[in-house]
2 protein chains.
Amino acid sequence: MSERSELRFIGTVESLGKLSRVKIFPEFCVGLEGLNNFSHIAILYWFHLRDNEEERHTLRVVPRRHPGAPEVGVFASRSPSRPNPIGLCVVELIKIEDCTMLVKGLDAFEGSPIIDIKPYIPRADSIPDARVPEWTFHGPPT
Amino acid sequence: MSERSELRFIGTVESLGKLSRVKIFPEFCVGLEGLNNFSHIAILYWFHLRDNEEERHTLRVVPRRHPGAPEVGVFASRSPSRPNPIGLCVVELIKIEDCTMLVKGLDAFEGSPIIDIKPYIPRADSIPDARVPEWTFHGPPT
């Protein structure tokens, strides 16, 4: 089996302060049908500014936005520097118009490529009492 | 900006019935440090059996494991056939030994490549009352 594969960008992020527009490229737009029946979605995006060899070889980080956080492995953090610079963010879906979604809570830079959209399903995705270390309570959610 | 990028596999799945072993390749193993402070993790994996042009051009699906589900856009489903065949599964982390994690609840085929591991953080990831359509209650969680 190959050790690599190809990722295709399906859209892009436009920041509007607390809200964001997620614009899906026209050729993928049909894939959004029925998504308006979900109140929340998981957005997978690409930290394009970290897509370089140095950042992709980073394996330990100090989560900078979290005061008091110790150095941890990248897989124990949501750092954008990681072997595959994929961001995962659960957001509220405000509305869909044509190929554009208006969402609330997306922590992505302007122009970030979108790589996947998934419906948020609480019975699979919601673990309210999951245990986390103390440092995750300080700073932004991720 | 390019419309594509390169995905690198960081490990592989070994199924053990309800439990799974997630084996991280030795060169990425340091990235797991500190992950044992989290009870749950999000695993991003690659549906390698769907990594072909036909499946990657699929934009509408009938979620087969969900009796009564209508045809929906792929982004309104967790179908493995999608432009980027990425699977997302929240699992319980039982233990980590060397470069191998024992997890509970991973819905991935034997041999699936792993592409990322993220700590599950309820204040970012848990939305217990998210609204979903009726069909998602039937069949498996995703």
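What you see is a predicted model; the values in this text were computed from it and never measured. Proteins get letters first, then strands, A, B, ... in listed order; numbering begins at 1 in each.
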Taking the side chain as C-beta and beyond, is there a heavy-atom pair between [X] and [Y] under 4.5 Å?
X        : Y        : result
A:Ser5   : B:Phe9   : yes
B:Tyr120 : A:Val132 : no
A:Arg78  : B:Ile121 : yes
A:Ser126 : B:Ser126 : yes
B:Phe28  : A:Val74  : no
A:Ile10  : B:Asn84  : yes

Shorter than 4.5 Å, heavy atoms on both sides: which option in [options] has the most such pairs with chain A?
options                    : answer
B:Ile127, B:Leu88, B:Val30 : B:Ile127
B:Pro83, B:Gly34, B:Pro119 : B:Pro119
B:Arg82, B:Glu6, B:Arg131  : B:Arg131
B:Thr58, B:Thr136, B:Val72 : B:Thr136

Under 4.5 Å from a heavy atom of chain B, the part of A:Asp51 involved: side chain
A:Arg60: salt bridge (Lys or Arg N to Asp or Glu O under 4.0 Å) partners, not counting sequence neighbours: A:Glu71, B:Glu33
More than 12 heavy atoms of other groups within 6.0 Å of A:Glu110 CD: yes
Is there a path from [X] to [Y] through hydrophobic residues (I, L, V, M, F, W, Y) whose side chains come within less than 4.5 Å of each other?
X        : Y        : answer
B:Trp135 : B:Phe137 : yes
A:Leu32  : B:Leu59  : yes
B:Phe25  : B:Tyr45  : yes

Pick from [options]: which one has the most heavy-atom pairs with chain B under 4.5 Å?
options                              : value
A:Val90, A:Leu35, A:Ile115, A:Ile117 : A:Ile117
A:Glu27, A:Lys118, A:His40           : A:Lys118
A:Asp107, A:Ile41, A:Asp125          : A:Asp125

Chain A heavy atoms under 4.5 Å from [X]: which part of the residue, side chain, backbone, both or neither?
X        : value
B:Pro140 : backbone
B:Asn36  : backbone
B:Ser77  : backbone

B:Ala76 to A:Phe38 - nearest heavy-atom pair and separation: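 What the structure gives for the nearest pair is O-CE1, 3.7 Å.
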Closest heavy-atom pair and its distance - A:Ala124, B:Pro141: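 Taking A:Ala124 first and B:Pro141 second, the nearest heavy atoms are CB-CB, 3.7 Å.
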From B:Leu7 atom CG to A:Trp46 atom CH2, the distance as rounded to the nearest 0.5 Å: 6.0 Å
Distance in Å, B:Asp129 CG paired with A:Ser39 OG, rounded so as to fall on 0.5 Å steps: 7.5 Å
Salt bridge (charged side-chain N to carboxylate O under 4.0 Å, His left out) between B:Glu53 and A:Arg8, intermediate numbers included: CA-CA 12 Å; B:Glu53 289 308 313; A:Arg8 300 175 186 176; 2.6 Å; yes
Neighbours of chain B found in residues 92-101 of chain A - heavy atoms under 4.5 Å: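 Hits under 4.5 Å: none found.
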